[in-house]
Protein chains: 2
Amino acid sequence: MSKHICNCEHCQHKLCAKNVPIFSLLDPEEIEKVVSLIVRRKYSKGEIIVLEGSSLGSLVIINKGRVKAFRHTYEGKEQILYIFSEGDFFGEKNLIINQKATYTVEALEDTNICMISKNDFQILLKEYPAISYKVMEELCNRLIRLENAVESMSIKNVEARISSVLLEFANKYGKPHSKGILVELPLSREGIANYIGLTRETVSRKMSLLQDEGIIEMVGNKKVIIVDKEALEDSINH
Amino acid sequence: MSKHICNCEHCQHKLCAKNVPIFSLLDPEEIEKVVSLIVRRKYSKGEIIVLEGSSLGSLVIINKGRVKAFRHTYEGKEQILYIFSEGDFFGEKNLIINQKATYTVEALEDTNICMISKNDFQILLKEYPAISYKVMEELCNRLIRLENAVESMSIKNVEARISSVLLEFANKYGKPHSKGILVELPLSREGIANYIGLTRETVSRKMSLLQDEGIIEMVGNKKVIIVDKEALEDSINH
DNA sequence: CGACTTTTTGAAATGATTCAAATGATGTGG
DNA sequence: CCACATCATTTGAATCATTTCAAAAAGTCG
């Protein structure tokens with residue numbers, strides 16, 4: 001990981017763009033150009049950044065914070081599709097295929113974003129093919145994530161779905177801890193339920209079960225320690 | 001739709017590549033170059049084209065026929081992720097992020113494919129940015145399809161899921177008919193079940209129900225007439 | 001036409017959901 | 001820093017829909 005020059009309060013130093021995966025192949029001069037096109041904005045926890053069905057007309061890149069992307073089903077439930085954090089982007093569907101937002105995006109915590117207008121981004125894509133390549137990479141990764149989600153949701157074994165999600169969070173947000181891996185959950189029980197298509201009660205019951213088995217340990221409502229990662233992995237494949 | 005010069009038995013005339021969406025922005029000269037890189041192959045119904053976990057090392061474009069892309073869950077069930085037909089491609093994950101196949105691909109009928117090696121395709125991407133753009137477009141569409149699938153699978157109302165799939169098939173494969181839209185189903189009842197995460201018995205029961213309501217009419221096992229498309233659409237949103 | 005495969009239908013079992021209540025966590029103001 | 005009010009989580013019991021297993025009916029193909 002290369003050191004970057006950034007000690008400003010809101011990460012406004014130009015070289016920050018270097019840390020955004022889709023711009024990572026650009027050289028400093030090109031980064032400068034990208035940075036000149038960026039508009040910054042801040043959102044507080046709970047604020048809506050994009051509403052399903054609207055057309056934002058910009059690519060949004062997360063600079064700091066976490067957001068959830070979800071849809072409201074007609075039944076009133078929300079289905080969470082993605083959790084985006086630093087370096088992730090969204091709004092690409094509007095830029096690439098002129099499609100209105102397929103999900104609502106809401107800040108899970110205080111969040112800073114960078115926006116590049118449709119026009120500017122299309123120019124960038126043409127000028128720097130390396131960006132296209134990086135975007136394709138990320139779209140592929142997102143496809144894999146959704147393919148896994150579809151498989152996971154077709155699985156009858158609900159415990160395996162919970163294990164999957166806990167491992168996903170552990171890989172993304174986990175930190176070493178004396179008892180295992182400490183994970184700050186980005187979502188409440190209800191959020192987790194909406195992420196994997198269950199009810200909050202079921203999530204609660206199954207997580208308690210995993211705790212009884214000594215596989216995880218809950219620390220308050222917002223943290224979990226993965227005590228036995230292997231057991232968690234095993235419980236997915238049966 | 002521009003007329004193309006093609007009267008050969010297996011569509012081997014060069015200009016056929018013009019009909020592949022990702023090459024559609026290229027001019028005749030460029031198409032020629034692409035065509036020179038293509039290796040053709042045929043598969044019979046039921047044959048495996050790619051096995052999950054293998055690395056094919058080529059982009060595969062379907063020239064004629066239909067295939068299903070699926071995974072085996074540990075429970076032994078198969079989860080179908082995509083049905084690809086003429087003009088669709090797969091194998092892009094290996095080329096773009098060096099990822100082994102995330103699904104098995106099997107021919108649903110006799111199928112002709114075109115293959116372009118990883119190396120050649122990467123050269124094409126660099127040389128013709130228009131291809132990158134088209135690939136991104138298609139990846140976006142695939143994301144939308146999977147996002148819909150995830151939402152659909154989290155919905156409790158099973159009848160709505162069946163209606164969704166029937167409409168999807170109607171849009172892709174439907175033909176006008178005196179009673180409505182005649183659809184040649186690409187999948188058996190069991191296949192449909194594996195596509196939307198249900199059992200074949202449930203699919204059977206719910207389709208019979210739709211028939212009793214006069215919304216569809218089954219013609220043997222492999223065809224369905226959508227009699228009342230609006231009612232089908234309504235049943236999704238409630 | 002006849003053998004085989006696929007689909008349909010029936011009845012019982014299973015497991016998540018629902019609704020309700022209790023317990024536990026969190027954050028605020030005194 | 002504690003007490004209280006609020007919100008989230010857990011737990012319990014009944015319900016409901018899909019699954020499962022089994023058998024009959026219908027469709028397909030040589």
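Chain A is the first sequence line, chain B the second, and so forth, proteins listed ahead of strands; every chain is numbered from 1. For the numbers below, each heavy atom of this structure counts, side chains included, while hydrogens, waters and symmetry mates do not.
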Going by atom types alone, do Tyr74(B) and Glu151(A) pair a side-chain donor with an acceptor below 3.5 Å?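 No pair is found: no donor N or O on one side chain lies under 3.5 Å from an acceptor on the other.
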
N/O contacts under 3.5 Å, protein versus nucleotides 4-6 of chain C?
none

Identify whether the distance between the nearest side-chain nitrogen and carboxylate oxygen of Glu138(B) and Arg142(B) falls below 4.0 Å.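 Arg142(B) and Glu138(B): salt-bridged.
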
Is the shortest distance from a Lys or Arg side-chain nitrogen in Glu78(B) or Arg71(B) to a carboxylate oxygen in the other one below 4.0 Å?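 Looking at Glu78(B) and Arg71(B), the cut-off is not met.
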
Looking at [Y], is its backbone amide N or carbonyl O close enough to the side chain of [X] to form a donor-acceptor pair, meaning the two atoms are under 3.5 Å apart?
{"X": "Ser204(B)", "Y": "Arg200(B)", "value": "no"}
{"X": "Asp110(B)", "Y": "Lys45(B)", "value": "yes"}
{"X": "Ser152(A)", "Y": "Asn148(A)", "value": "no"}
{"X": "Thr202(B)", "Y": "Leu198(B)", "value": "no"}

Could Lys68(A) and Phe70(A) be counted as a cation-pi pair, given that NZ or CZ must be under 6.0 Å from the ring centre and within 45° of the axis?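 Output yes; distance and angle both within limits.
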
Donor-acceptor contacts under 3.5 Å from residues 218-230 of chain A side chains, at least two apart:
from	atom 1	to	atom 2	distance (Å)
Asp228(A)	OD1	Glu230(A)	N	3.4
Asp228(A)	OD1	Ala231(A)	N	3.1

To the nearest angstrom, how far is [X] atom [atom1] from [N] atom [atom2]?
{"X": "Lys45(A)", "N": "dG27(C)", "atom1": "NZ", "atom2": "C1'", "result": "11 Å"}
{"X": "Leu198(A)", "N": "dG15(C)", "atom1": "CG", "atom2": "P", "result": "15 Å"}
{"X": "Ile155(A)", "N": "dG15(C)", "atom1": "CD1", "atom2": "P", "result": "16 Å"}
{"X": "Glu159(A)", "N": "dG15(C)", "atom1": "CD", "atom2": "C1'", "result": "13 Å"}

Donor-acceptor contacts under 3.5 Å from residues 81-95 of chain B side chains, at least two apart:
from	atom 1	to	atom 2	distance (Å)
Tyr82(B)	OH	Glu147(A)	OE2	2.9
Glu86(B)	OE2	Gly65(B)	N	3.2
Asp88(B)	OD2	Ser85(B)	N	2.8
Lys93(B)	NZ	Glu147(A)	OE1	3.4
Lys93(B)	NZ	Glu147(A)	OE2	3.0
Lys93(B)	NZ	Thr102(B)	OG1	3.1
Asn94(B)	OD1	Gly57(B)	N	3.3
Asn94(B)	ND2	Gln99(B)	O	3.3

Between which nucleotides of DNA chain D, 5' to 3', does chain A make heavy-atom contacts below 4.0 Å?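 Reading along DNA chain D, I get dT9(D) to dA13(D).
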
Nucleic acid contacts of residues 200-218 of chain A, taken as heavy-atom distances under 4.0 Å to DNA chain D: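 Glu201(A), Ser204(A), Arg205(A), Ser208(A), Met218(A), in order of number.
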
If you assign Lys222(A) and Thr199(A) each to the DNA chain C nucleotide with the nearest heavy atom, which residue ends up on the more 5' nucleotide?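 The residue whose closest nucleotide sits nearer the 5' end is Thr199(A).
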
Could you list the residues that satisfy salt bridge (Lys or Arg N to Asp or Glu O under 4.0 Å) with Glu109(B), not counting sequence neighbours?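 With neighbours one apart ignored, the set is Arg66(B).
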
